[in-house]
Amino acid sequence: MSFTIRTTCEDDWPLVRAFRVENATDNPISYGATLQTTLSMTEDDWRLRARCGEQDDDTALVAIEASTQRWTSVAEPTA
């Protein structure tokens with residue numbers, strides 16, 4: 001299995017959201033947010049999270065499975 005690791009950008013916000021919703025559904029404590037909290041986040045909230053990968057003083061990374069383009073892991077700030 002081959003992966004691509006890259007920083008996120010604001011345009012990734014729908015993928016960041018989908019990944020986090022799936023994760024909160026399957027494993028509600030892994031990111032410290034319940035599914036209810038995750039679903040209540042606004043588009044602006046998701047854009048902000050995705051934009052972390054574009055910052056000089058912060059970052060967010062994603063691991064993408066090469067053959068399927070499925071996001072398999074996201075590392076992002078917790079605050």
Legend entry - Between CD1 on residue Ile64 and CG on residue Asp12, distance to nearest 0.5 Å: 7.5 Å

Inset, instruction - Check whether any side-chain heavy atom of Glu65 sits under 4.5 Å from a side-chain heavy atom of Trp71, and report yes or no. - result: no

Legend entry - Lys/Arg-Asp/Glu bridge criterion (N-O < 4.0 Å) met for Arg49, Asp44: no

Inset, instruction - Please assess Leu39 against Val21 for the test side-chain contact (heavy atoms from CB on, under 4.5 Å), listing each intermediate value before the final yes or no. - result: CA-CA 7 Å; Leu39 291 173; Val21 167; 3.9 Å; yes

Legend entry - Interatomic distance, Asp11 atom CG to Glu54 atom CD [nearest 0.5 angstrom]: 7.5 Å

Inset, instruction - Say whether Met41 and Val62 are linked into one hydrophobic cluster, either directly or through other cluster members, by side-chain heavy-atom distances under 4.5 angstrom. - result: yes

Inset, instruction - Find the distance between OG1 (Thr7) and CG (Leu61) and round it off to the nearest 0.5 Å. - result: 7.0 Å

Inset, instruction - Answer yes when Arg17 and Glu22 have at least one side-chain N-carboxylate O distance shorter than 4.0 Å, and no when they do not. - result: no

Legend entry - Separation between OG of Ser73 and CZ of Phe19, rounded to the nearest 0.5 Å: 5.5 Å

Inset, instruction - Apply side chain to side chain contact (heavy atoms under 4.5 Å, CB included) to Ala18 and list each qualifying residue two or more places apart in sequence or on a separate chain. - result: none

Legend entry - Any residue meeting side chain to side chain contact (heavy atoms under 4.5 Å, CB included) with Glu43, in chain and number order, not counting sequence neighbours: Trp13, Arg47

Legend entry - Residues in side chain to side chain contact (heavy atoms under 4.5 Å, CB included) contact with Ser40, at least two apart in sequence or another chain: none

Legend entry - Nearest non-hydrogen partners of Ala50 and Cys9, listed with the distance: CB-O, 3.2 Å

Inset, instruction - Mind listing the closest non-hydrogen atom pair of Ala33 and Arg20 along with its distance? - result: CB-NH2, 4.2 Å

